[in-house]
**Q** 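My questions will all concern the structure given below.
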Amino acid sequence: IERKKGRGPRLAVAFLAVVGIAIATWLFFDIRDRLRWGDFLEELESEPGLVLTAENRGDRMVRGLRDPLAEDPRAFFVRHFDDADDYAGSFGLFRSNDPAIVVRRARRDLDLPAEVKETFRLEEGVLQASGRASSDALNIADAEARRIPGIEGTDFSGVQRSDAEARAARRELLGRLAAAEGVVIVG
């Protein structure tokens with residue numbers, strides 16, 4: 001029986017090349033997945049109003065607590081992974097006292113002009129703002145703000161009272177009308 005020389009080593013080299021390519025491909029996707037999972041967890045942990053209590057990369061599972069005003073954890077998952085159906089998350093509800101969440105809650109709950117709400121900031125439990133609003137709106141907002149968890153008081157000293165300006169403009173108009181010839185002001 002005559003044996004062909006060189007065929008065995010070529011098969012072995014081809015086999016090892018295929019195995020090497022398979023391992024390299026698997027390593028590439030595994031490392032990429034680990035990096036994505038790490039970025040996903042880091043983003044979740046940095047989101048105000050989310051508390052991560054458990055995670056498992058293999059099952060794509062995360063558990064924790066979520067304030068209703070925090071971003072949905074599924075949205076973070078979709079930013080990092082291709083298939084949203086792989087997401088397995090379970091988050092119980094809680095009220096966060098994170099300043100960013102408290103400010104979001106104040107913006108949602110207080111009836112003030114948008115220009116005032118945009119300036120809300122929380123400093124050591126005190127809700128601060130600037131802009132322009134009526135005294136009535138500020139008085140009501142002050143009382144309502146104290147009912148929001150995480151707000152101990154308000155400082156609306158930076159908000160200009162728009163009703164005082166309106167009264168001054170009215171007085172000025174009445175003064176000009178009174179000075180005009182032939183105009184009689186009643187009341």
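These values consider heavy atoms only, across backbone and side chains, with no hydrogens, waters or symmetry-generated copies.
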**Q** Quick one: side-chain contact (heavy atoms from CB on, under 4.5 Å) partners of Thr119, sequence neighbours excluded?
**A**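 Applying side-chain contact (heavy atoms from CB on, under 4.5 Å) to Thr119 gives Ala129, Ser130.
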
**Q** Taking NZ, NE, NH1 and NH2 as the nitrogens, is one of them in Asp33 or Arg60 under 4.0 Å from a carboxylate oxygen of the other?
**A**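 Here Asp33 pairs with Arg60 in a salt bridge, since their nearest N and O are under 4.0 Å apart.
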
**Q** Would you say Val103 ends up clustered with Leu69 if hydrophobic residues are merged whenever their side chains have heavy atoms under 4.5 Å apart, either directly or through other cluster members?
**A**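 Unlinked, Leu69 and Val103 end up in two clusters.
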
**Q** Do any pairs count as a ring pair (Phe, Tyr, Trp, His ring centres under 6.0 Å) and have a residue in residues 108-133, sequence neighbours left out, and if so which ones?
**A**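 Sorted pair list comes back empty.
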
**Q** What residues, two or more places apart in sequence or in another chain, satisfy salt bridge (Lys or Arg N to Asp or Glu O under 4.0 Å) together with Glu43?
**A**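 Counting only residues at least two positions away or on another chain, Glu43 forms a salt bridge (Lys or Arg N to Asp or Glu O under 4.0 Å) with Arg79.
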
**Q** Test: salt bridge (Lys or Arg N to Asp or Glu O under 4.0 Å). Region: residues 98-107. Which pairs qualify, not counting sequence neighbours?
**A**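 Only Glu47-Arg104, Asp67-Arg105 qualify under salt bridge (Lys or Arg N to Asp or Glu O under 4.0 Å).
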
**Q** Could you tell me if the side chain of Ile23 sits less than 4.5 Å from the side chain of Leu27, heavy atoms only?
**A**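 Heavy-atom side-chain distance check passes, below 4.5 Å.
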
**Q** Answer whether the closest heavy-atom distance between the side chains of Val102 and Ile151 falls below 4.5 Å.
**A**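 In contact.
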
**Q** Quick one: pull up CG in Leu50 and CD1 in Ile101 and give me the separation to the nearest 0.5 Å.
**A**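 Reported value, rounded in 0.5 Å steps: 7.5 Å.
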
**Q** What residues, two or more places apart in sequence or in another chain, satisfy salt bridge (Lys or Arg N to Asp or Glu O under 4.0 Å) together with Arg108?
**A**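 Result, salt bridge (Lys or Arg N to Asp or Glu O under 4.0 Å) vs Arg108: none returned.
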
**Q** According to salt bridge (Lys or Arg N to Asp or Glu O under 4.0 Å), does anything in residues 143-156 pair up with another residue at least two apart or in another chain? List the pairs.
**A**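 The answer is Asp142-Arg146.
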
**Q** Check the pair Tyr87, Val62 against side chain to side chain contact (heavy atoms under 4.5 Å, CB included), reporting the backbone distance first and the verdict last.
**A** CA-CA 8 Å; Tyr87 173 78; Val62 286; 3.8 Å; yes

**Q** In sequence, state the C-alpha distance, the side-chain angles, and the governing distance for Arg66 and Asp72, and then conclude on side chain to side chain contact (heavy atoms under 4.5 Å, CB included).
**A** CA-CA 8 Å; Arg66 175 178 177 245; Asp72 184 356; 4.1 Å; yes

**Q** Mark yes when over 12 heavy atoms from residues, nucleotides or ligands other than Arg63 sit less than 6.0 Å from its CZ; otherwise mark no.
**A**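 Not buried by this count: 12 neighbours or fewer within 6.0 Å.
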
**Q** For Ala137, check side-chain contact (heavy atoms from CB on, under 4.5 Å) against everything at least two apart and list the hits.
**A**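 Here the qualifying residues are Leu112, Ser134.
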
**Q** Between CH2 of Trp37 and CG of Leu41, what distance do you get to the nearest 0.5 Å?
**A**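 Taking CH2 in Trp37 and CG in Leu41, the distance rounds to 5.5 Å.
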
**Q** To the nearest 0.5 angstrom, please state how far the CD1 atom of Ile148 sits from the OG1 atom of Thr154.
**A**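 Ile148 atom CD1 to Thr154 atom OG1 measures 10.5 Å (nearest 0.5 Å).
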
**Q** Rounded to the nearest 0.5 Å, what separates atom CZ in Phe77 from atom CZ in Arg36?
**A**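 So the CZ of Phe77 and the CZ of Arg36 are separated by 10.0 Å.
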
**Q** Could you work out, with ring pair (Phe, Tyr, Trp, His ring centres under 6.0 Å) as the rule, every residue matching Phe91, not counting sequence neighbours?
**A**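 By the ring pair (Phe, Tyr, Trp, His ring centres under 6.0 Å) rule, Phe91 matches no residue at all.
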
**Q** Quick check: closest heavy atoms across Pro113 and Ala133, and the distance to 0.1 Å?
**A**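 Result for this residue pair: CD-CB, 3.8 Å.
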
**Q** Could you list the residues that satisfy ring pair (Phe, Tyr, Trp, His ring centres under 6.0 Å) with Phe94, not counting sequence neighbours?
**A**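 Residues passing ring pair (Phe, Tyr, Trp, His ring centres under 6.0 Å) with Phe94: none at all.
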
**Q** If the test is side-chain contact (heavy atoms from CB on, under 4.5 Å), which one of Val18, Thr25, Val19 qualifies with Ile21?
**A**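 Passing option: Thr25.
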
**Q** Would you call Glu115 and Arg132 a side-chain contact if the rule is heavy atoms closer than 4.5 Å?
**A**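 SC-SC contact between Glu115 and Arg132 confirmed.
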
**Q** With sequence neighbours left out, what residues match Asp30 under salt bridge (Lys or Arg N to Asp or Glu O under 4.0 Å)?
**A**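 So Asp30 forms a salt bridge (Lys or Arg N to Asp or Glu O under 4.0 Å) with Arg34, Arg57.
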
**Q** Looking at every non-hydrogen atom in both residues, tell me the closest pair between Leu127 and Ala145 and how far apart they are.
**A**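 Looking at all heavy atoms of both residues, the shortest contact is CD2-CB, 4.4 Å.
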
**Q** Taking only residues two or more places apart in sequence or in another chain, which ones pass side chain to side chain donor-acceptor pair (under 3.5 Å) with Gln128?
**A**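 Testing Gln128 for side chain to side chain donor-acceptor pair (under 3.5 Å), a comparison that skips the adjacent residues, returns Arg121.
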
**Q** Quick check: does any side chain N or O of Asn56 sit under 3.5 Å from a backbone N or O of Asp59, one acting as donor and the other as acceptor?
**A**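 Yes.
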
**Q** Could you grab the distance from atom CZ of Phe156 to atom OG of Ser135, nearest 0.5 Å is fine?
**A**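 One gets 12.0 Å once the value is rounded to the nearest 0.5 Å.
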
**Q** Could you work out the complete set of other residues in the hydrophobic cluster of Leu35, with links drawn between I, L, V, M, F, W and Y side chains under 4.5 Å apart?
**A**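 Same cluster as Leu35: Ile31.
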
